[in-house]
Amino acid sequence: MSLEGFARRAVEAALASGASDADAWVEESTSRRVRVYAGEVESLSDAGAHGVGVRAFAGHRAGYAYGTDLSEDGVAEVARAAREAAELADEDEYEGLPDETGSSEVNGLASPEFGGWTTERVVELALEVDRAARSREGVTQVENSVYSDAQGSVALVNSRGFAASYGATQAWAYSSAFAGEGADLMTGLGVGMGRDPGELDPEAIGAEAAERALALVGARQPASRRCPVVLDAFVAASFIGFIGAMTSADAVQRGRSLFADREGEEVADPALRIADVGTEPDGPSSAPFDGEGTPTRSTPLIEDGRLLGFLHDSRTARKAGHSSTGNAARGSYRAPPSVGTTNLIVDAGELDLAELAARAGDGLYVTDVAGLHSGVNPVSGTFSVGASGRLIENGEFGAPVREITIASDLVSMLKAVRFVGSEARWVPFGGSVKTPPLMVAEMAVSGS
Amino acid sequence: MTLVAPELAAGVLERALARGGDMAELYAEARRGFAISLDDRRVERPQGGRERGACVRVVHGDSTYYGHVDGLAEQDLLRVAASVSEAVRGDAREPAALQSAVTGARHEVAIPPEEVEAARKAELLRACDERARAAGAEVTQARIGYAETHREIEVFGSDGSAAADDRTRIRLSAQVVARRDGRVETGTDTRGGHAGWELLDENPEEVAEKAARRALTLLDAVDAPTGRLPVVVGNAFGGVLLHEAVGHGLEADHIQKDASIYAGRLGEEVAPAFVTAYDDGSRPNAWGSEGVDDEGTPTRRTTIIEEGRLTSYLYDLLRARRDGVESTGNGRRESFRHVPAPRMTNTFFAPGDATPEDLIAGVERGLYAVSFGGGQVEPATGDFVFGVSEGYLIEDGAVTAPVRGATLIGNGLEALRAIDGIAGDLEIASGYCGKGGQTVAAGVGQPHVRIRELTVGGTAA
């Protein structure tokens with residue numbers, strides 16, 4: 001049976017058990033993972049997964065259930081559990097299936113080259129990443145070099161006649177290198193991603209890991225100061241991921257976002273433009289429709305320094321008198337749809353990294369932050385996070401530094417972004433973010 | 001064995017070793033979960049799940065080959081075993097005959113949560129919401145979550161070992177927002193255990209009330225100080241410090257890659273002589289406890305620091321075999337979709353002789369870090385960062401103003417050496433620990449602990 005067939009069966013079962021409306025999300029995927037250590041394959045996996053998630057409505061009450069059993073009985077049981085769960089929820093007049101459904105055209109989600117990559121070839125790729133990292137002089141060890149990929153299909157069917165499916169492929173690799181020894185040991189991460197392994201550059205991923213670690217060797221704790229800060233693309237992406245989460249209309253409506261009541265207000269420097277783009281061909285989170293069947297699209301979030309709007313699913317949209325922006329996200333069939341970002345994209349500027357440093361004059365170049373998940377208050381936006389990187393002296397990169405914290409609040413930071421770099425890249429943490437480095441005019445840096 | 005018949009397990013293991021390997025393992029799991037939350041005065045997101053699946057792994061030399069599949073159908077298990085074996089390059093081996101199953105210590109579950117009517121769980125959320133809002137007029141929002149999981153696992157090894165475990169966990173959590181003028185603050189609290197509904201018998205609404213009090217307190221918070229200061233760390237969730245700054249570095253995978261600052265330091269004095277610490281997966285009904293771990297090894301109490309000396313690392317089977325020692329019962333995995341790795345269970349400092357008041361009284365100017373929002377550590381260097389979610393200034397030996405935005409930053413070894421007092425009020429809190437893409441239930445705990453000096457990154461200029 002096709003995935004849509006299983007989903008249709010689940011929707012019918014939900015209606016049969018008394019649901020007034022329902023939708024069902026069915027997934028099937030295979031994934032591989034190769035982990036290399038010391039030039040040898042440390043682990044290799046090849047896995048398959050499938051499951052169904054059913055959202056059942058009892059009027060304006062919604063319940064959810066999921067399961068791995070796709071047999072007729074298994075699907076019926078999941079549907080019944082969703083219907084029973086709906087009875088527990090309180091009435092929510094905005095709850096229900098989306099008003100607008102359909103698919104956007106998104107090209108290139110599944111690479112035709114993917115199938116030609118045998119396990120032997122991806123093992124060789126992972127070994128190459130590892131060799132590239134280990135071969136750099138000064139690298140004392142490579143903790144891990146990992147290749148992973150996934151190939152999957154999803155189908156969504158609802159009781160109002162929507163039925164669609166799509167397939168996608170994705171490949172990632174990363175390497176974690178060490179440089180220095182003992183108390184001076186520093187780590188560096190290199191990453192790459194694409195629709196198939198051929199889009200990964202193993203040499204560049206390994207080299208990035210090595211260079212990031214080597215650049216920090218001999219790092220010391222600097223004196224506290226307030227100064228310009230250049231955030232590299234990894235660090236910028238982590239912050240942009242947070243900003244993106246704050247534009248969720250759900251967080252806004254529940255009073256959990258610092259952007260609540262600030263639509264149209266000035267929240268950033270005009271240099272910074274951020275959009276959520278669910279249709280970007282090379283975006284890891286792109287898809288033709290979102291987790292409840294609304295077509296994906298591009299939603300500008302911050303332009304000309306102003307907060308233009310929020311990300312919606314059908315429930316938050318109804319509540320706000322807006323239309324859904326196609327941001328009902330699903331992590332997997334194990335979770336009901338909820339508002340989430342797709343791909344956050346920061347428009348690139350014109351200055352390369354060296355020029356950003358030159359504009360900073362005397363300041364700090366941050367290449368790593370730690371503790372973001374605990375160090376940022378999502379409501380007030382204040383944060384204080386651990387960081388490491390290098391000093392910037394007279395516009396040039398200087399001595400490496402560690403054990404520092406940088407503190408500010410997110411809006412002050414956004415308003416202080418003076419320059420946006422030209423070298424944008426995809427970063428697979430903080431969600432799915434494409435950003436260049438950013439120069440922030442001033443932040444509090446505490447060290448010794 | 002109710003998930004996989006021993007005859008089938010034997011067949012899977014035989015096929016897994018068809019092209020050699022030092023050991024093969026079949027891990028089968030059936031899990032059921034239910035969760036419901038309340039937000040903005042409304043009970044929402046009720047959800048249930050049922051999953052079954054299995055993972056087959058073959059270890060050959062230093063390499064691990066594995067695969068997993070959703071469902072426990074005979075043909076799927078045999079197919080995964082065959083596909084895993086294809087990656088191995090050697091001669092077929094015969095698995096040993098399976099023995100009867102080991103089950104380890106039982107954690108008493110008096111009232112299985114599945115037997116409690118779902119409507120009562122929704123009622124509990126409403127009662128918590130009311131309690132949170134009753135704590136003060138400035139409380140504006142409460143989000144209460146309830147979750148239960150029931151996992152049955154079975155593990156079969158090619159050495160003939162067989163084990164089973166039955167795990168029930170429940171957890172109640174509260175996140176409360178208080179607002180005054182433009183200021184918004186959040187307080188949280190949780191109660192969780194490897195236990196049944198009885199865990200919530202006594203005053204469960206206290207969880208919401210504590211969260212509310214934290215949020216209200218923070219409304220009066222001043223900016224956190226910056227600099228090197230003495231820090232008194234609170235009990236229960238304060239144990240995140242030990243978990244992050246020490247525990248992760250003792251996990252044998254990091255040690256064997258020399259990617260831990262604790263590598264090669266067994267027997268060394270790493271802390272003052274009055275410091276002792278344990279990882280204890282057998283502690284009755286504690287959040288991170290299990291009967292056997294996810295490789296079938298019975299859980300136990302492992303002394304990691306004894307009177308200041310580093311005494312043990314934390315092992316799974318693979319790393320134990322490499323070091324020629326026994327597994328410490330720390331081979332854990334998030335689910336059948338993962339291979340095990342050495343992970344902490346419940347990790348805590350043993351109680352000392354002081355009282356929390358003694359510890360605070362000895363500080364002229366410092367920080368009282370009651371609870372953390374979370375933390376992160378780089379095991380290779382021991383460098384850590386913690387966000388303080390509830391903290392106060394200590395001035396002239398007394399707790400004074402609440403502070404916000406404080407971050408503790410430092411190094412595990414240095415922080416251990418700088419401990420200069422431990423109180424007697426040990427308590428264990430329920431947390432989740434993420435590592436290598438897997439999240440497991442981890443108990444963190446300690447009595448009040450004082451550290452002579454740590455870097456506090458504050459928001460005050």
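Counting non-hydrogen atoms of other residues, nucleotides and ligands closer than 6.0 Å to CD of A:Glu181 gives a total of 12 or fewer. Under a cut-off of 6.0 angstrom, the local environment of CZ in B:Arg52 is sparse, with at most 12 non-hydrogen atoms contributed by other residues, nucleotides or ligands. The environment of B:Arg322 atom CZ is dense: over 12 non-hydrogen atoms of other residues, nucleotides or ligands sit within 6.0 angstrom.
Of the possible polar contacts, none joining the A:Ser446 side chain to the B:Gly457 backbone as a donor-acceptor pair under 3.5 Å is found. Under a 3.5 Å cut-off, the side chain of B:Thr381 and the backbone N or O of A:Met186 do not form any donor-acceptor pair. Checking side-chain atoms of B:Asp70 against main-chain N and O of A:His50 turns up a donor-acceptor pair under 3.5 Å. One N or O on the side chain of A:Gln141 and one on the backbone of B:Lys257 form a donor-acceptor pair closer than 3.5 Å.
Atom OH of A:Tyr66 is separated from atom CD of B:Gln47 by 7.0 Å, given to the nearest 0.5 angstrom. Note that CD1 of B:Ile409 is 7.5 Å distant from CD1 of A:Ile404, once rounded to the nearest 0.5 Å. Note that the CG atom of A:Asp90 and the CG atom of B:Asp40 stand 11.0 Å from one another [nearest 0.5 Å]. Here the OG-CZ distance, from A:Ser45 to B:Arg337, works out to 13.0 Å after rounding to the nearest 0.5 Å. Here A:Glu403 contributes atom CD and B:Asn411 contributes atom CG; the two are 6.5 Å apart, rounded to the nearest 0.5 Å. With values rounded to the nearest 0.5 angstrom, B:Leu72 atom CG is found 10.0 Å from A:Asp69 atom CG.
Pairing each heavy atom of B:Ala380 with each of A:Leu185, the nearest pair is CB-CD2, 3.5 Å. Here the closest non-hydrogen pair linking A:Ser338 and B:Arg45 is CB-NH1, 3.7 Å. The two residues B:Pro46 and A:Ala85 make their nearest non-hydrogen contact at CG-O, 3.1 Å. Looking at every heavy atom in both residues, B:Arg179 comes nearest to A:Gly255 through NH2-O, 3.6 Å. Summarising the geometry of B:Thr226 relative to A:Ser224, their closest heavy-atom pair is CG2-OG, 4.5 Å, with the distance given to 0.1 Å. Taking every heavy atom of both residues into account, A:Leu88 and B:Ala118 meet most closely at CD1-CB, 3.5 Å.
Put simply, of A:Arg61, A:Glu95, A:Arg256, A:Glu91, the one with the most heavy-atom pairs under 4.5 Å next to chain B is A:Arg256. The choice from A:Gly51, A:Gly63, A:Pro336, A:Gly53 that makes the most heavy-atom pairs within less than 4.5 Å of chain B is A:Pro336. Between chain B and the options A:Gly67, A:Ser31, A:Gly48, the largest number of non-hydrogen pairs under 4.5 Å is found for A:Gly48.
For chain B, no part of A:Asp409 is nearby; none of its heavy atoms comes within less than 4.5 Å. No part of A:Arg32 comes within reach of chain B, as not one of its non-hydrogen atoms sits under 4.5 angstrom from that chain. With a 4.5 angstrom heavy-atom cutoff, B:Gln175 touches chain A only via side-chain atoms. No part of A:Arg55 comes within reach of chain B, as not one of its non-hydrogen atoms sits under 4.5 angstrom from that chain. For B:Arg79, no part lies near chain A; criterion is any non-hydrogen pair under 4.5 Å. Proximity to chain A (any heavy atom under 4.5 Å) is shown, for B:Val184, by both the backbone and the side chain. A:Ile406 does not touch chain B: none of its heavy atoms, backbone or side chain, sits under 4.5 Å away. Only the side chain of A:Arg402 comes within contact range of chain B, with heavy atoms under 4.5 Å apart. Only the side chain of A:Glu120 comes within less than 4.5 Å of a heavy atom in chain B; its backbone stays farther off. Looking at B:Phe384, there are no atoms closer than 4.5 Å to chain A (heavy atoms on both sides), in backbone or side chain. For a residue to count as touching a neighbouring chain, one of its non-hydrogen atoms must lie under 4.5 Å from one of that chain's; by this rule A:Ala81 does not touch chain B. Contact annotation for B:Asp383: only side-chain heavy atoms (C-beta onward) come within less than 4.5 Å of a heavy atom of chain A. Only the side chain of B:Ile36 comes within less than 4.5 Å of a heavy atom of chain A; its backbone N, CA, C and O stay farther away. For chain A, the nearby parts of B:Asp258 are the backbone and the side chain; heavy atoms of each come within less than 4.5 Å. With a threshold of 4.5 angstrom between heavy atoms, A:Gln221 approaches chain B through side-chain atoms but not through N, CA, C or O.
Contacts between residues 35-44 of chain A and chain B, defined by a heavy-atom separation under 4.5 Å, are made by A:Tyr37, A:Val41, A:Glu42, A:Ser43, A:Leu44. The contact list for residues 53-61 of chain B toward chain A, using heavy atoms and a distance under 4.5 Å, is empty.
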- Given B:Glu51 and A:Arg334, is the side-chain contact (heavy atoms from CB on, under 4.5 Å) satisfied, shown in steps? CA-CA 10 Å; B:Glu51 296 169 89; A:Arg334 294 191 284 279; 3.2 Å; yes
- Task: In sequence, state the C-alpha distance, the side-chain angles, and the governing distance for A:Asp368 and B:Glu378, and then conclude on side-chain contact (heavy atoms from CB on, under 4.5 Å).
- Result: CA-CA 12 Å; A:Asp368 191 32; B:Glu378 173 51 63; over 6 Å; no
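For the pair A:Glu93 and B:Arg42, the salt-bridge criterion is not met [side-chain N within less than 4.0 Å of a carboxylate O]. A salt bridge does not link A:Glu77 to B:Arg32: none of the charged nitrogens lies less than 4.0 Å from a carboxylate oxygen.
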